[in-house]
Engineer: 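Sending over a structure as structure tokens; questions will come in a sec.
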Amino acid sequence: MRAAVLALGVALSACATPAPLSTSGAVLPPELQRVLDDYSTAWRAKDAKALAALFADDRTVVPNACPPAKDRAGIEACYAGHGGGIGLTALDHRIDGSMAYIIGEYAGDVGGPAAGKFVLTLTRDATGRWLIVADMDQPYRRPPPPPAN
């Protein structure tokens, strides 16, 4: 699965022209939708502690905004001061035992134009709760503005 996710990320990054944000998206199982909803809520509130709680604590994780972290304190420090408007739309997902991923697009706010794409890699803990082990995103490349006359 890891190789497939990496290959997909490489293929997605080759797309130069972004499509409009998908309005339908993929229908996620409630337990995966909860991850996106909790992430959006914490990001909008600039709540680094709540963001860190969405990540696995017992392994090295890869938050988007900083180098890999080994615990929630490191993730919280990474996200301190980050946040604001966000809209997340899932485009695809897969669950394979205790691992899952969500592929989607993000916008600067709910219903806004797509600004980039993301892949969340998840693991299921002993209680059945899905936690993030990798949060990777990339903004879409925008064409340069026309030259001024």
Engineer: For the residue pair Arg72 and Asp57, what are the closest heavy atoms and their distance?
Structural biologist: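 Closest approach of Arg72 to Asp57, heavy atoms only: N-OD1, 2.8 Å.
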Engineer: Grab the two heavy atoms, one from Val119 and one from Ile103, that are nearest each other, plus how far apart they are.
Structural biologist: CG2-CG1, 4.2 Å
Engineer: Hey, what do you get for CD1 (Ile86) to CG (Asp109), rounding to the nearest 0.5 Å?
Structural biologist: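 Between Ile86 CD1 and Asp109 CG, I get 9.5 Å after rounding to 0.5 Å.
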Engineer: For the CD1 atom of Ile132 and the CG atom of Leu51, what is their distance to the nearest 0.5 Å?
Structural biologist: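 One gets 8.0 Å once the value is rounded to the nearest 0.5 Å.
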Engineer: Mind checking the CG-CG spacing from Leu120 to Leu122? Nearest 0.5 Å is all I need.
Structural biologist: 6.0 Å
Engineer: Can you name the nearest heavy-atom pair linking Val61 to Ile75, along with the distance?
Structural biologist: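 Of all heavy-atom pairs spanning Val61 and Ile75, the closest is CG2-CD1, 3.1 Å.
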Engineer: Taking all heavy atoms of Ile95 and all of Arg124, pick out the closest pair and write down the distance.
Structural biologist: CG2-NH2, 3.9 Å
Engineer: Answer yes when Asp38 and Arg34 have at least one side-chain N-carboxylate O distance shorter than 4.0 Å, and no when they do not.
Structural biologist: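 Yes, this pair counts.
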Engineer: Are Thr123 and Phe55 close enough that some pair of their side-chain heavy atoms sits under 4.5 Å apart?
Structural biologist: no
Engineer: As a quick check of understanding, evaluate side chain to side chain contact (heavy atoms under 4.5 Å, CB included) for Leu36 and Phe118, giving each step before the final call.
Structural biologist: CA-CA 11 Å; Leu36 291 187; Phe118 70 87; 4.0 Å; yes
Engineer: Look at the side chain of Arg44 and the backbone N and O of Gly83, then say whether any donor-acceptor pair between them is shorter than 3.5 Å.
Structural biologist: no
Engineer: Is there a path of hydrophobic side-chain contacts, each under 4.5 Å between heavy atoms of I/L/V/M/F/W/Y residues, joining Leu131 to Val35?
Structural biologist: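 No, it is not one cluster - the side chains of Val35 and Leu131 are not joined through contacts under 4.5 Å.
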Engineer: Can you tell me how far the CD1 atom of Ile102 sits from the OG1 atom of Thr89, to the nearest 0.5 Å?
Structural biologist: 12.0 Å
Engineer: Between Asp125 (side chain only) and Gly128 (backbone N and O only), is there a donor and an acceptor less than 3.5 Å apart?
Structural biologist: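 Yes, the answer is positive, given that a donor and an acceptor are paired below the 3.5 Å cut-off.
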Engineer: Side-chain heavy atoms nearer than 4.5 Å, only ILVMFWY residues, links allowed to pass through others: does that put Val62 and Trp130 together?
Structural biologist: no
Engineer: What are the two closest heavy atoms between Thr60 and Pro68, and how far apart are they?
Structural biologist: CG2-CB, 3.7 Å
Engineer: Search all heavy atoms of Ala107 against all heavy atoms of Pro113 and return the closest pair with its distance.
Structural biologist: CB-O, 3.3 Å
Engineer: Can you confirm whether Pro29 sits close enough to Leu32 that some side-chain heavy atom of one is under 4.5 Å from a side-chain heavy atom of the other?
Structural biologist: yes
Engineer: Drop me the distance from His82's NE2 to Trp43's CH2, to the nearest 0.5 angstrom.
Structural biologist: 6.5 Å
Engineer: Between Tyr79 and Tyr39, how do the two ring planes meet: parallel, tilted or perpendicular, split at 30° and 60°?
Structural biologist: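 Taking Tyr39 first and then Tyr79, their aromatic rings stand perpendicular (interplane angle over 60°).
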Engineer: With a 4.5 Å heavy-atom cut-off, do Lys117 and Pro139 have their side chains touching?
Structural biologist: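 A side-chain contact is absent here, since even the closest heavy-atom pair is not under 4.5 Å.
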Engineer: Between Leu54 and Arg129, is any pair of side-chain heavy atoms under 4.5 Å apart?
Structural biologist: yes
